[in-house]
Every structure is written in structure tokens, then in C-alpha cells.
There are 2 protein chains.
Amino acid sequence: MAQSRADIIADQLEDLILTGAFSSGERLNEMQLAARFGVSRTPLREAFQKLGQSGLVEQIPHRGVFVCQPGPVELLEMFEVMAELEATCGRLAAQRISDSALTELRLANNNCQAAVDLQEADTYYRENERFHQIIYVQSGNSFLAGEAKRLHRRLKPFRRVQLKARGRLAQSMTEHEVIVAALTRGDAEGAAQALRAHVAVQGEKFHHLMMSLKPAAE
Amino acid sequence: MAQSRADIIADQLEDLILTGAFSSGERLNEMQLAARFGVSRTPLREAFQKLGQSGLVEQIPHRGVFVCQPGPVELLEMFEVMAELEATCGRLAAQRISDSALTELRLANNNCQAAVDLQEADTYYRENERFHQIIYVQSGNSFLAGEAKRLHRRLKPFRRVQLKARGRLAQSMTEHEVIVAALTRGDAEGAAQALRAHVAVQGEKFHHLMMSLKPAAE
DNA sequence: GTCAAATAAATTGTATACAAACGGCTTAAG
DNA sequence: CTTAAGCCGTTTGTATACAATTTATTTGAC
């Protein structure tokens, strides 16, 4: 993995954007950020190229780079794609998953349940991520796993919001059980449908939440 | 769309890599390429960041960037993902496609058939691309369309190879007809399955072709 | 003669300097 | 008073210069 100064800055900036440190449409001042990171503009600009490629910022020639937070519509679209990617991972994993991975999956799921009971949000998010990433890898398609990982990471901050919806956490756990069951019995279509629904509902919940917060969006 | 010098160079380099101007694993000499493009190393390095992000090159700190042509396994994986993306586009498009788009689709398909009859390869590839891109856009999910477009572009050179297989062209046209029919009657699952099969078979054909060319790969 | 260490050449990574383009301000005309 | 044109400051884009790291070569010891 590439790890020069510019790459580290790119990762840090990505984190800052994903955690919402910048408001959407805000311009990223090169000199300002260069001073903040204690480097010159050169590595910063190289980092911008990377961020632009993943759609986190928009680069307008001679005007600068602007953070590009997805709106409600684009977010729904991304959740829709995520649902399909996860469904595909599940369909393939049902046929290819190893016993040890199944054990790990159940372990992660149990840890999730424990975190729910103990109200430990951070633990829940970590174990939930592990649960999904195991399925990505077990698809046996590393390119697919990479793409799924990328989008999952991109949607991470919005998933957190969505999970705050009442009763969503418990429902999510039930869905996980269905997914594990389908994978255990090697039911490809069952796993695919369960995962698609599991992720799709996240997008819908998120959308409802957004609408309820912005009732009079013109 | 961003169009500075560095972005133009990135596109040109991408074309060069995709068309196979560089062999896999080859190092891209900065000074050499800078001279070739008539620019300094700075915009070139910015272009490298973008290429690295899309997986076309691997950047190793203090050692340089190396072109990263996918091997047979990774290629099959990419075709598998492409098949799913297209299937999803088809499933959504079946419900959302407009009449004018359907007309355009039939036109593109007719042009494809004409190109096959006249043995005009370039025309075929262009119209075939148009056919697929219409379906991407008509999915009504612009994020999905963008992802599909990206991967389609990435696989373009390998698709050309695959289409040289005997009888594949005629079969491909038949598959197109099935796809158009499904979209016309709004059959979401039918369109999805037809598109998945259409693309998946491309990956398989390509694989067979590779195996026949490299029979004794150790 | 072979292997290892040191040195030299080449290449990448970063900083700085310069050129070009954009946005905002002033100014002048209608 | 409004509007448009020109100038100035700021910011981006590119080139060059310098620093750091790697690789190849040479030299010396075993």
C-alpha cells in the first residue's frame, strides 16, 4: 500500500470530510490547509486529486476544490447500489463461505447483540462493520469485496444517523439472524434477498429521517 | 467537470494503459513521460494520484508507479461485478425507462446489427456502448450509472478481445433482443437476468480465450 | 573469486518561486 | 442611481530547485 506524505494527508482529509468537519460546498483553501498540516501545497494538491476521484470533492479549474457532500437523492442512490453489492456478496458467499468464517460471523453477530444490550454504540458499529466485511471477503471475489468496502466506508457516517431511528437496532439484529441462517444453509438467493432488504431499509429509514428533519424543504 | 492540464494527462495516460501501450508491471518514468507530454513533473504526479485511485497503477513510495494490468482472475472478478451492475441497471430501468429511450435503444441495436452485417467493427463497438449506456442512464440512479460506466470503460479493451470468439457476435445480438423485449414489457427480473447472463458470458468467453492462448501457464 | 560494505548515480518526494486565471473593488459613463 | 469596464488582490496551476531515499556500481576484505 502506498504511504507517502500525500497519501496520509488524503486519508486524513477523507476522515475530516466523512465525519462532517466541513460543510457541503465549502472551499478547501490550499494554503490554509497546508499550514494546518505543516506541509507545502504540493502534497496537498496530490491528495486533492485522490479525493476528487472518489467523489468526495469537486475540482473546478482555477477556482479550487469544494467538498461534495451527497444530497438526499444521491444518498438514496448510493444506498440502492450498496444494497445490490451486498446482495451479490451474499449470493456468492452462500456458496463459498468457509466454516471458520461462519463461526466468525456468528461471533461478530453475538458481539453486536451484546453491544445492543449494553447500549455500547461504538462496539456495535465496530462489530457490525466486521459482520459485513466478513461477508464481503467470503464472496470470494476480491474486486467485489473492495468495491463493497469502499462504498460501505463512504456511507458509514449516514448509517450512524439512520440507526438512531426507534426500534431500528433490534430489527437490524433480527435481519442479521436471517442472513446468517441463509448463509449457513447455503441458500444463495435467500442470503441475497435478506442482505438487499437489510441495506435497502437503511436507505429508506435514512430518507424518512431526513424528511422529518427537513419538512419544508423548498 | 474538472479539466486542468493534470486531468488531461490523466485521461491520456489512462487511454495509453487501457489500450495496452504499457506492459503490466512496467515502471512509469516521471521525467521521461514529462518530456513526452511537454510538461513538468508536477502535473504528471497529480495525474498519477488519480490513476492510482482507480487501480490502474500501483504507487510504491520512493520507488515509483507501476502499471497494474489485471490478471485473468481479477478480470473474471471484474466481469462478475459488471454483470451484477448491469443486471441492477436493467431491473430498475424496466420500471423507469421512457418511451423515447426505448426507441433509442432499438435504434442502437439496429445499428449494431447493421454493423455486424457490414463487418464494421468500430461502428459495432460504438453502438454497442451506446446500447448499454442508455440502460445505465435509464436506471434512474445516476450514481449507479456512473459506477457502471466506470467499470464498463475499464473492461472495454478486454471486451474487444472476447468478441472475436467464433459466433459470439451473433449470439450477442440475440441477447440484446431478449433484453430489449424484457425492458419493453417492463419485466424487471427478466431484464436483470438477461443482462447478467449477457455480461457474465463475456467474462467466461474471455477466460476461455485466455486459457486457449496460454495453455501451459505454470 | 565471491561477498559485503561504501559510495555514486538516478529517481522520487517536497518546498518554493513564478505564471495565469478568477473574483471583487473602484471608477466612470449613461 | 444603476451598470459596465478596468484594475488589483487572491488563489490556483506549473515549473524549477532542493532534500531524501533507493538502486547500481565500485572497491576492499576474506
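The analysis underlying the following values was restricted to heavy atoms, covering all of them including side chains, and did not include hydrogens, waters or symmetry mates. Quick note on labels: first sequence line is chain A, next is B, and so on, each numbered from 1.
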Mutual orientation of the aromatic rings belonging to A:H198 and A:H176 [parallel < 30°, tilted 30-60°, perpendicular > 60°] = perpendicular
Encoded 5' to 3' (Watson-Crick or G-U under 3.5 Å; [ ] crossing; | other strand), DNA chain D becomes ||||||||||||||||||||||||||||||
Backbone N or O of A:S98 within a donor-acceptor pair of the A:Q138 side chain at under 3.5 Å?
-> yes
Between B:S172 and B:R168, is there a donor-acceptor pair closer than 3.5 Å when you use the side chain of the first and the backbone of the second?
-> no
Considering the options A:E175, A:E86, A:E80, A:E84, which one meets the salt bridge (Lys or Arg N to Asp or Glu O under 4.0 Å) requirement together with A:R196?
-> A:E84
Quick tally for nucleotides 5-15 of chain C: nucleotides whose base has a protein heavy atom under 4.0 Å get B, sugar-phosphate-only ones S, the rest -, giving ------SBBBB
Please examine the side chains of B:E104 and B:R130, heavy atoms only from C-beta on, and report whether any two atoms are closer than 4.5 Å.
-> yes
What side-chain donor-acceptor pairs closer than 3.5 Å can you find for residues 60-67 of chain A, not counting sequence neighbours?
none

Indicate yes or no: does B:E147 engage B:R150 in a salt bridge with an N to O separation below 4.0 Å.
-> yes
